[in-house]
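In what follows, chains are A, B, ... by sequence order, proteins preceding strands, each numbered from 1.
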Amino acid sequence: KNQVEQSPQSLIILEGKNCTLQCNYTVSPFSNLRWYKQDTGRGPVSLTIMTFSENTKSNGRYTATLDADTKQSSLHITASQLSDSASYICVVRQTGANNLFFGTGTRLTVIP
Amino acid sequence: DTAVSQTPKYLVTQMGNDKSIKCEQNLGHDTMYWYKQDSKKFLKIMFSYNNKELIINETVPNRFSPKSPDKAHLNLHINSLELGDSAVYFCASSQGGKNIQYFGAGTRLSVL
């Protein structure tokens, strides 16, 4: 069964600290993996998109990693800011079938 | 300029009514989508249109019907609204089915 699981479900960190969000998937065949940030009351915004051959991709303070062998991805946030408070959603695309599988997201709260 | 815009932002209506949500994108994308986000914040794809052709149609009730007058618009029409239809509905667009999707701000539908 094609699934995307994210952990932790929620996370609270102090401003300035680093954190890592996890995404494990069973989607096959794999096409690409995306991380989205969704602020409360807003639509998701793309952070990174990674294909099979990419291990790491950065977007400012956000760094995503992908291990296609173990079917795991992580999103590392460096020097967190209050504006990083949001839900982070992992999305995996299946090759050929044009299907997208969404994780349930990790709710990150950054406190001063 | 807003890339993907949805109207209305909020919609409150009674059971049994028929309502429409409009979506427009000015990105020149050829593919548009509708997603439903339930109270658990899980995003589920409902429909996508590519050049006016339905290419994904998840198992949603036939009370929901997408209507695309042109490739810049994909409206969602819902007949005989039910309590369980209450959710946030997101419109998105992309160039091709494999590229990053850009989301609208969402329409919060409340059925009373």
Side-chain angles (χ1 to χ4, degrees), chain A residues 1-11 21 23 25 27 29-54 57 59 62 64 85-109, chain B residues 2-10 21 23-25 27 29-51 53-59 74 76 87-110:
Chain A
K1 185 178 180 181
N2 294 304
Q3 287 185 317
V4 178
E5 296 183 349
Q6 293 186 241
S7 61
Q9 189 173 34
S10 61
L11 182 62
L21 314 180
C23 174
Y25 62 93
V27 177
F30 173 85
S31 176
N32 59 53
L33 183 146
R34 310 136 187 250
W35 282 95
Y36 283 90
K37 177 187 178 187
Q38 184 177 18
D39 293 312
T40 301
R42 307 289 293 274
V45 174
S46 178
L47 294 175
T48 64
I49 179 170
M50 302 176 71
T51 58
F52 185 88
S53 59
E54 296 175 299
K57 183 166 281 189
N59 178 2
Y62 300 101
S85 296
S87 290
Y88 292 83
I89 304 170
C90 176
V91 182
V92 180
R93 177 175 288 280
Q94 190 179 42
T95 301
N98 211 25
N99 288 331
L100 287 173
F101 296 89
F102 286 76
T104 53
T106 292
R107 177 69 199 173
L108 174 65
T109 302
Chain B
T2 302
V4 181
S5 59
Q6 300 177 224
T7 55
K9 190 175 177 67
Y10 300 96
I21 307 173
C23 178
E24 176 181 4
Q25 55 94 4
L27 298 168
H29 288 164
D30 61 5
T31 307
M32 295 183 72
Y33 311 81
W34 274 106
Y35 290 86
K36 178 181 180 182
Q37 188 172 44
D38 58 25
S39 58
K40 295 183 178 179
K41 306 301 182 184
F42 187 72
L43 271 171
K44 181 178 179 180
I45 191 167
M46 301 177 71
F47 304 103
S48 76
Y49 258 78
N50 185 335
N51 292 326
E53 181 180 359
L54 181 67
I55 58 173
I56 299 176
N57 186 349
E58 295 294 312
T59 54
L74 183 64
L76 182 65
V88 181
Y89 292 83
F90 286 99
C91 176
S93 73
S94 68
Q95 183 57 33
K98 297 184 178 181
N99 293 320
I100 292 174
Q101 295 180 15
Y102 294 81
F103 284 77
T107 295
R108 181 173 292 278
L109 172 65
S110 298

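Using a 4.5 Å heavy-atom threshold, the side chains of B/Tyr35 and A/Leu100 count as touching. Within the 4.5 Å cutoff, the side chain of A/Val91 has no heavy atoms near those of the B/Gln101 side chain. Side chains of A/Ser46 and B/Tyr102 form no contact here, defined as non-hydrogen atoms less than 4.5 Å apart.
Closest non-hydrogen pair, B/Ile100 versus A/Arg34, comes out as CA-NH1, 3.6 Å.
Rounding to the nearest 0.5 Å places CZ of A/Arg42 at 10.0 Å from CZ of B/Phe90.
Contacts of B/Gln37 with chain A are made by side-chain atoms alone, with heavy-atom separations under 4.5 Å and no backbone atom involved. At a 4.5 Å heavy-atom cutoff, the contact between A/Tyr36 and chain B is made by side-chain atoms alone. Of the atoms belonging to A/Ser87, not a single heavy atom falls under 4.5 Å from chain B.
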